[in-house]
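Structure first, then comments.
These numbers were taken from a predicted model, which means no experiment stands behind them. First listed ligand is number 1; within each ligand, the first listed atom is number 1.
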Amino acid sequence: MAEKHFIITGTSRGIGEQLAMMLLERGSHVHGISRGSSEVLCKYKNYSHLRFDLSNTMGAQHMLDGILESINMNDTEMLCLINNAAMLEPLKSIEKCIQEEINGNLQISLIAPMVLTSCFIQQTENLQLRRKIINISSGSGTYPAPDMSVYCTAKAGLNMFT
Ligand SMILES: NC(=O)c1ccc[n+]([C@@H]2O[C@H](COP(=O)([O-])OP(=O)(O)OC[C@H]3O[C@@H](n4cnc5c(N)ncnc54)[C@H](OP(=O)(O)O)[C@@H]3O)[C@@H](O)[C@H]2O)c1
């Protein structure tokens with residue numbers, strides 16, 4: 001039977017972990033990406049995990065290429081990239097944020113999804129299978145909150161990009 005493969009960022013905990021578990025229970029293959037790993041997901045034989053820091057956006061193409069090369073496309077009916085990982089911090093007013101904090105958040109929450117989307121389309125556009133990209137946003141991309149300007153801006157950017 002043809003397989004479904006989901007590449008999900010941020011599967012070590014939270015929504016990414018739960019989403020991955022739901023898809024694994026349905027028989028799909030999940031390729032998780034995060035710095036830490038999930039004990040519960042590693043028990044599924046259809047789960048593979050890649051430890052990667054998404055703030056390394058220059059290395060993201062190489063990382064995604066490796067995952068795509070590991071998939072047998074002849075047996076695959078659907079490939080899906082889910083950009084889920086994001087960073088909430090820094091949670092303080094903008095004049096208190098240092099450059100590293102602003103950079104770090106935007107690299108993970110906005111630039112990594114854009115780079116992964118670009119690479120995913122480039123590497124899969126000639127394949128004869130169904131492809132999807134899902135970007136996990138937030139109400140914070142629409143409704144500004146005090147002390148959350150970096151997170152809100154990253155999500156507003158992700159909304160526009162999507
Ligand atoms: N929870 C909510 O109420 C809520 C509401 C609206 C939208 N969202 C959105 O839903 C998504 C998931 O939220 P969540 O609450 O599940 O978040 P979470 O519990 O904080 O989990 C974030 C995930 O992202 C990964 N991550 C963070 N920084 C990373 C990095 N530098 N490199 C690789 N992976 C990294 C984390 O893994 P490691 O730390 O192991 O790397 C973790 O697996 C986010 O996009 C968030 O904005 C959440």
*Between Y47 and S38, does any side-chain donor sit less than 3.5 Å from a side-chain acceptor?*
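Result is no, nothing qualifies.
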*asked:* Any donor-acceptor pair under 3.5 Å linking the side-chain atoms of R35 with those of S12?
replied: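 Their side chains do not contain a donor-acceptor pair, so the 3.5 Å distance test is not met.
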*Right, does atom 32 (N) of ligand 1 have protein non-hydrogen atoms nearer than 4.0 Å?*
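Flag for atom 32 (N) of ligand 1 set to true, protein heavy atom closer than 4.0 Å.
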To check your reading of the model: name the closest protein heavy atom to [atom], its residue, and the distance in Å.
atom                    : answer
atom 2 (C) of ligand 1  : I15 CD1, 4.3 Å
atom 12 (C) of ligand 1 : N84 OD1, 3.1 Å
atom 46 (C) of ligand 1 : Y151 OH, 3.5 Å
atom 18 (P) of ligand 1 : R13 NE, 3.7 Å

*Subset of ligand 1 atoms that lie under 4.0 Å from at least one heavy atom of F52*: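 Going through ligand 1 atom by atom, the ones under 4.0 Å from F52 are 32 (N), 33 (C).
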Under 4.5 Å between any side-chain heavy atoms of [X] and [Y], yes or no?
X    : Y    : value
P90  : N105 : yes
R131 : L129 : yes
S34  : H49  : yes

The one among [options] that brings a heavy atom closest to [atom]:
atom                    : options               : answer
atom 40 (O) of ligand 1 : G141, S12, A154, G10  : S12
atom 6 (C) of ligand 1  : S140, S138, S38, A112 : S138
atom 35 (C) of ligand 1 : G36, S37, A85, G14    : A85
atom 27 (C) of ligand 1 : K155, R35, M87, Q107  : R35

Region of [X] engaging ligand 1 - heavy atom pairs below 4.0 Å:
X    : value
D53  : both
T11  : backbone
S137 : backbone

